[in-house]
Colleague: 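Sharing a structure, written as structure tokens. Questions coming.
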Amino acid sequence: MNKYIGVLTSGGDCPGLNAAIRGVGKAAQGSFGMEVIGFRDGFRGLLENRTIRLDRADLAGILTLGGTILGTSRDKPNRMQVGDKMIDATKAIIENYERHHLDALVCIGGGGTQKNALHLKENGLNIITLPKTIDNDVAMTDVTFGFDTALGIATGAIDRLHSTAHSHHRIVVVEIMGHRAGWLALGAGIAGGADVILLPEIPYDLEKVAKAIRHRSRTGKPFSIVAVAEGAMDIANAKELRLLEKKKASVKNKAEKNKVKAALTDFYARHSGNTLRLAKELERLTRLESRLTILGYVQRGGTPSAQDRILATRLGTACADLINESKFGVMVAARGDGAEPIPLEQVAGKRKIVPVDHPWVESARHVGTSMGD
Ligand code: F6P
């Protein structure tokens, strides 16, 4: 009997999602004669039973497309806003899975999706996931697709910022995405030759950043590029956040937990606009004119790089192989040139951040880049 599989994309979009959908779909249909159906807008489409055909013809011509033909959302099966209510949609989602006689559901997403996938696995569904995100912060995989393309975009942007910073003798602070991981800022900072790289994993000392820039200025380079990960913060803020998170993990009582959650929301509200403040402070401390560029969503858009197309295709086809072998409850991780199934329990709730002694960090330091510490 042919197998029926569903596919959805969930979380922030990234380049390579369509290549992955195509990889799963073409291999599932072409090599194993499976029937494939897509669900629109992540777990919400699965709840609302909004589907899209993914026959061979529907999969043609999408390899190079950015975004996701399925649409995406950040909805969670166990906590979904429906009208003005927050509901647990797990039961209704299971009913729709059964209505389509699915043998497996492929969830393509980042860290949040791995958690949601584990939740559905624990509720009896045959789930298999693929790791995507420009942030490269999914645990247990060498790399996620989307990262290489975003790295290229951010590096290209730094290259362009270099010539304008140089011409005007300015500091250019460039904010790079990555959520609470510094992979993208670190990679683009190294590839683009940033003079300072600030990461969430290495809290910075503002005075030391200013000192590095003043030193450049004194030695004939009155311009600097500061590549800042969106989650980077100074030592005091990083300490406050660590304490709040520790508290959140340790408090048991609901009222106390809500209090800590409110404190965290307040913390992030205060932290927003951090890069603009950093640019202004550096101007004050160095007396060099300073400008801020936030790269934002441009890093997530457009056609995937060749690397991401290959990675997404390779993980997508490996996913079809695993479904054929009835191997479920796993994420298809990139391992060297191959792919490896990793139990969702080992992935969900974990985040791959930059080790402070990672070879990329060491290399950046060796070429004289300040890490702000
Ligand atoms: O996870 C990808 C990412 O682009 C992060 O780098 C960024 O912090 C976040 O998504 C932005 O999320 P949203 O699309 O919900 O604004």
Side-chain angles (χ1 to χ4, degrees), residues 8-18 20 41-44 66-68 70-76 79-81 107-117 129-141 143-155 157-158 173-189 197-201 227-233 237-238 241 245 264-265 267-276 278 292-305 308 311-312 331 347-354:
L8 61 81
T9 51
S10 172
D13 75 330
C14 73
L17 284 169
N18 291 321
D41 305 334
F43 295 104
R44 183 165 293 273
T68 160
L70 298 178
T72 187
S73 72
R74 292 198 184 273
D75 291 306
K76 300 181 181 131
R79 241 180 94 73
M80 209 180 287
Q81 186 83 34
C107 303
I108 310 177
T113 303
Q114 310 303 324
K115 263 199 218 168
N116 295 327
T129 69
L130 294 182
K132 68 88 206 166
T133 168
I134 65 164
D135 303 339
N136 197 30
D137 62 348
V138 177
M140 306 298 288
T141 181
V143 67
T144 56
F145 54 85
F147 176 64
D148 183 70
T149 310
L151 187 58
I153 296 169
T155 302
I158 294 179
V173 174
V174 50
E175 184 188 297
I176 297 169
M177 275 190 171
H179 195 43
R180 293 185 58 194
W183 295 106
L184 203 49
L186 177 59
I197 301 177
L198 304 179
L199 309 179
E201 295 86 348
V228 191
E230 62 180 343
M233 47 190 81
N237 277 310
L241 180 61
E245 283 184 331
L264 271 166
T265 308
F267 175 87
Y268 283 117
R270 275 186 283 125
H271 185 253
S272 83
N274 190 39
T275 36
L276 181 58
L278 174 67
L292 168 66
T293 296
I294 298 178
L295 296 185
Y297 294 88
V298 77
Q299 294 163 103
R300 274 180 17 191
T303 189
S305 66
D308 275 339
L311 178 62
M331 176 183 81
V347 182
K350 308 207 169 84
R351 208 159 17 98
K352 186 181 78 180
I353 58 171
V354 180

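The figures that follow rest on heavy atoms only: side chains count, while hydrogens, waters and symmetry mates do not. Atoms within each ligand, like the ligands themselves, are counted from 1 in listed order. If you're wondering where the values come from, they're calculated on a predicted model, not measured in any experiment. One-based numbering along the sequence shown.
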Colleague: For Thr144, which residues count as a side chain to side chain contact (heavy atoms under 4.5 Å, CB included) partner, sequence neighbours excluded?
Modeller: Pro131, Thr133, Asn136, Val138, Thr141, Phe147

Colleague: Run the salt bridge (Lys or Arg N to Asp or Glu O under 4.0 Å) check on Asp13 and Arg300 step by step: do they pass?
Modeller: CA-CA 7 Å; Asp13 75 330; Arg300 274 180 17 191; 3.0 Å; yes

Colleague: Could I get the full list of salt bridge (charged side-chain N to carboxylate O under 4.0 Å, His left out) partners for Arg79, not counting sequence neighbours?
Modeller: none

Colleague: Evaluate the side-chain proximity of Asp148 to Pro304: yes if any heavy-atom separation is below 4.5 Å, no if none is.
Modeller: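 Heavy-atom side-chain distance check fails, nothing below 4.5 Å.
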
Colleague: Quick one: does Trp183's side chain get under 4.5 Å of Val354's, heavy atoms only?
Modeller: yes

Colleague: I'd like the contact residues of ligand 1, where contact means a heavy atom below 4.0 Å.
Modeller: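 Around ligand 1, where the cutoff is 4.0 Å for heavy atoms, the contacting residues are Arg74, Thr133, Ile134, Asp135, Met177, Gly178, His179, Glu230, Tyr297, Arg300.
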
Colleague: Tell me every residue that passes side chain to side chain contact (heavy atoms under 4.5 Å, CB included) with Glu245, counting only those two or more places apart in sequence or in another chain.
Modeller: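 Checked Glu245 against side chain to side chain contact (heavy atoms under 4.5 Å, CB included); matches are Arg180, Leu241, Leu264, Tyr268.
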
